[in-house]
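The block underneath contains the structure these notes are about, expressed in structure tokens.
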Amino acid sequence: MNRTIVWFRRDLRIADHAPLHRAALRGEVIPVFVLDRALLHHPETAVARVAFLLDCLRSLDQELRDRGGRLILRHGDPVEVLPRLIHETGAEGIYAHIDFERIYGRVRDARLNHELARQNLKIRWFEPPGTTPDLIPYPHYRDLWYAEMKAEMVPTPSRVVVPSDIFSEPLPTLKDLGLVPDPKPIPPGGTQVARDLLAEFLAEKTDRYYWQLSYPAATATTGLSPHLKFGVISARECFQAAQKLESAPDVRVQRSCKQLISRIRWGSGFAQRFRYMPQLELRSLYRVFDEEGWFFDEALYQAWQEGQTGFPIVDAAARCLKATGGWKELNFRSRALYASFLSNLLGMDWRFGALHFMRHLIDGDCPIDHYQWAMQCGVTHCIDKTWTRIYNPEQVAVDRCDPDGTFIKRWVPELEHLPASCLGTPPPVKGYPTPILDYKQARQRRVEQLERQRKVFLNQENVVPFLSRLPADVMPFGSDRFPCEVRWATIPQSELFPPPLALESLNLEQAKALRTWFVAHVDIVPRKLPRRKPEVAEDGQLSLL
């Protein structure tokens, strides 16, 4: 009987999984997950995220057992483990989804391709839904994404036959992996948990999600982000479930479902940008921003990390991130405001912020995290616009995001006795710091800096000459600050898999196509919001209508 290894990576599910489906049709399957120290001890690894991963692996193993199989766990470098597993099991080859989240993964997969070819062994790479190897304009990608999300999902195997004589390591603990647990509560992982969250959202939150998404205390988010990060549920399954309600009679439900679908698509789009330009993990999009250098002050950085800036809504976000991993309560608006403070007001390199987030986020996804960080500090979508959204962290932010002060008072209890109207710029309070910067001065300084830097490339038809290149040294950012496993980065690398764009070889038409990935495709005009407290409807829900 045919035997095929299915290498699970960031696709820890059996539903809508093309490699597993194809392998199960062929015969026996060897489903394997490799516990790789280079990822488990990466500078941006969050211990809580690993804890969630282990629970997802436990769930995947049970799903396979329910169909007569089991998950095979191995420890080590996949470049060594997988060829050895082929020889050990007599498998004909490996099936796996392409993955381009990190430079390390692309280095590893290129090395694996070479090693398998050297030993005359086979691997078949499957394109994940919503991705493409081709350079196409962003509007065309958007059409491709919708078409693939609407396509029929890959059938779930009714039976997975795994040979009984293949050894598997037991599921490890964090201690077994050399990691020290932190006190964050870890959400349960697995496909059924994700489906329950999705069903709960569609049944109970779609009448308010669109309007309350900016309010952290409203807890209007889906909670799906950690599950999507590890692929325990596919983006396509989430899309199709939400799309069913886009024609609901309640306009609130329609708008919320469209908003959810847009956010899933944005995540896929960020990943596609990293596929084209893996240097975005390490560099700003445009060279000028890094060449000019960034300000850095360790004491101010630590104040920002620990929630001691003297700006309550910033400090609440800081403390929420460290305590919870941000997966459910620290929503997009809170993250954006917190990020903007570090880079736009303190003037620090966005990579220090992305590093801190990734070391704590249970839903931390490198393309989403890094690209959003760069966007919030104004160094990506800025070819055709001269303004940057710099969040006012004072009363404006409180009125806009936490009008009752619920979120702030939960995470900054030093201020729980103050009315919400005083939480933007609180009076001196024992045990709480005074502001570490002057907002107006810091904002003006950043605006002037961005205007000067953007003049280099603003409105250029061909931006390729101004883009950062992939450095020869691909050492992860933060490797000098934390113990980590980065020996792989010291080995000379000649290529990545999948390969990045060869920027020097692009013609003008291709350069124009690439440009479309870094502009806003709608007219976004900065607007001043009135300083008023949103009305509270009779049912107690916040209303922005």
Side-chain angles (χ1 to χ4, degrees), residues 38-39 41-46 49 100-107 270-271 273-274 276-306 309 314 317-318 321-322 326 335-361 363-382 388 390-391 442 446 449-450 453-454 466-486 488-489 500 518:
L39 288 174
H41 295 270
H42 191 280
E44 292 187 350
T45 293
R49 194 161 62 249
F100 35 87
E101 181 192 13
R102 286 202 172 277
I103 290 175
Y104 164 70
R106 294 168 78 157
V107 168
F270 295 147
R273 289 175 176 89
F274 270 54
Y276 292 148
M277 298 182 64
Q279 56 266 43
L280 294 176
E281 181 181 340
L282 301 173
R283 297 284 186 267
S284 299
L285 176 61
Y286 298 101
R287 291 182 299 190
V288 62
F289 295 115
D290 295 337
E291 289 174 349
E292 187 172 305
W294 299 81
F295 167 78
F296 184 76
D297 182 289
E298 188 69 50
L300 292 177
Y301 181 50
Q302 290 183 9
W304 175 83
Q305 290 177 303
E306 300 299 327
T309 68
V314 173
L321 171 64
K322 292 194 70 174
R335 296 184 192 198
L337 196 151
Y338 185 33
S340 178
F341 189 92
L342 181 75
S343 290
N344 287 326
L345 299 182
L346 285 173
M348 294 193 201
D349 191 334
W350 63 268
R351 289 169 291 192
F352 282 102
L355 173 67
H356 179 66
F357 267 39
M358 287 297 290
R359 288 186 64 82
H360 288 282
L361 287 173
D363 61 3
D365 182 288
C366 182
I368 295 175
D369 179 68
H370 284 228
Y371 200 82
Q372 286 282 9
W373 260 95
M375 285 183 68
Q376 295 308 325
C377 73
V379 300
T380 49
H381 278 51
C382 51
T388 294
I390 299 177
Y391 289 90
R446 180 61 173 161
Q449 181 187 36
L450 285 173
Q453 292 172 327
R454 288 176 178 173
F466 309 98
L467 299 178
S468 296
R469 269 47 178 179
L470 183 66
D473 181 0
V474 293
M475 185 68 66
F477 188 85
S479 58
D480 57 336
R481 298 180 69 89
F482 302 102
C484 50
E485 176 55 69
V486 290
W488 62 270
F518 306 111

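Sequential numbering from 1 along the given sequence is applied to the chain's residues. Every value quoted in this text rests on a predicted model; they were computed, and no experiment measured them. Values below: every heavy atom of this structure, side chains too, minus hydrogens, waters and symmetry copies.
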Considering non-hydrogen atoms only, spot the tightest contact between [X] and [Y] and give its length.
X: F270; Y: M375; result: CE2-SD, 4.1 Å
X: L345; Y: A442; result: O-CB, 3.4 Å
X: D363; Y: G326; result: OD2-O, 4.4 Å
X: L39; Y: Y104; result: CD2-CD2, 3.7 Å
X: I390; Y: S340; result: CA-OG, 3.8 Å
X: E101; Y: C366; result: OE2-N, 3.0 Å

Pairing residues for H381 by the ring pair (Phe, Tyr, Trp, His ring centres under 6.0 Å) criterion, not counting sequence neighbours: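 Here the qualifying residues are Y371.
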
What residues form a ring pair (Phe, Tyr, Trp, His ring centres under 6.0 Å) with F482, not counting sequence neighbours?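 If we apply the ring pair (Phe, Tyr, Trp, His ring centres under 6.0 Å) test to F482, skipping adjacent residues, there are no hits.
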
Could you tell me whether the side chain of [Y] reaches within less than 4.5 Å of the side chain of [X], counting heavy atoms only?
X: L450; Y: F289; value: yes
X: Y391; Y: Q376; value: yes
X: T388; Y: R454; value: yes
X: D369; Y: R335; value: no
X: F518; Y: Y286; value: yes

When you measure from the side chain of [X] to the backbone N and O of [Y], does any donor-acceptor pair fall under 3.5 Å?
X: D290; Y: S284; value: yes
X: E485; Y: H41; value: no
X: R469; Y: L467; value: yes

Of the options E281, E44, R283, R273, which is the one that meets H370 in a side chain to side chain donor-acceptor pair (under 3.5 Å)?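 That would be E44.
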
Could you grab the distance from atom [atom1] of [X] to atom [atom2] of [Y], nearest 0.5 Å is fine?
X: Q453; Y: R287; atom1: CD; atom2: CZ; value: 14.0 Å
X: L282; Y: S468; atom1: CG; atom2: OG; value: 10.0 Å
X: R102; Y: H42; atom1: CZ; atom2: NE2; value: 4.0 Å
X: H360; Y: L321; atom1: NE2; atom2: CG; value: 6.0 Å
X: L346; Y: C377; atom1: CG; atom2: SG; value: 12.5 Å
X: Q302; Y: Q305; atom1: CD; atom2: CD; value: 6.5 Å

Can you classify the ring geometry of W304 versus F357 as parallel (below 30°), tilted (30 to 60°) or perpendicular (above 60°)?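 Parallel: the ring planes of W304 and F357 meet at under 30°.
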
For the residue pair Y301 and H356, categorise the inter-ring angle as parallel (less than 30°), tilted (30 to 60°) or perpendicular (more than 60°).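 Perpendicular.
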
Quick one: side-chain contact (heavy atoms from CB on, under 4.5 Å) partners of F295, sequence neighbours excluded?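 Result, side-chain contact (heavy atoms from CB on, under 4.5 Å) vs F295: D297, L300, M348.
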
Test of understanding: with side-chain contact (heavy atoms from CB on, under 4.5 Å), list the residues that count as partners of A318, not counting sequence neighbours.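 For A318, the residues satisfying side-chain contact (heavy atoms from CB on, under 4.5 Å) (neighbours in sequence not counted) are Y338.
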
Among all residues two or more places apart in sequence or in another chain, which pass the side-chain hydrogen bond (donor to acceptor under 3.5 Å, both in side chains) test with S343?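 Counting only residues at least two positions away or on another chain, S343 forms no side-chain hydrogen bond (donor to acceptor under 3.5 Å, both in side chains).
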
Please list, chain by chain and in numerical order, all residues satisfying side-chain hydrogen bond (donor to acceptor under 3.5 Å, both in side chains) with Q372, sequence neighbours excluded.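 For Q372, no residue satisfies side-chain hydrogen bond (donor to acceptor under 3.5 Å, both in side chains) once neighbours in sequence are set aside.
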
Given I103 and L470, is the side-chain contact (heavy atoms from CB on, under 4.5 Å) satisfied, shown in steps? CA-CA 10 Å; I103 290 175; L470 183 66; 3.9 Å; yes

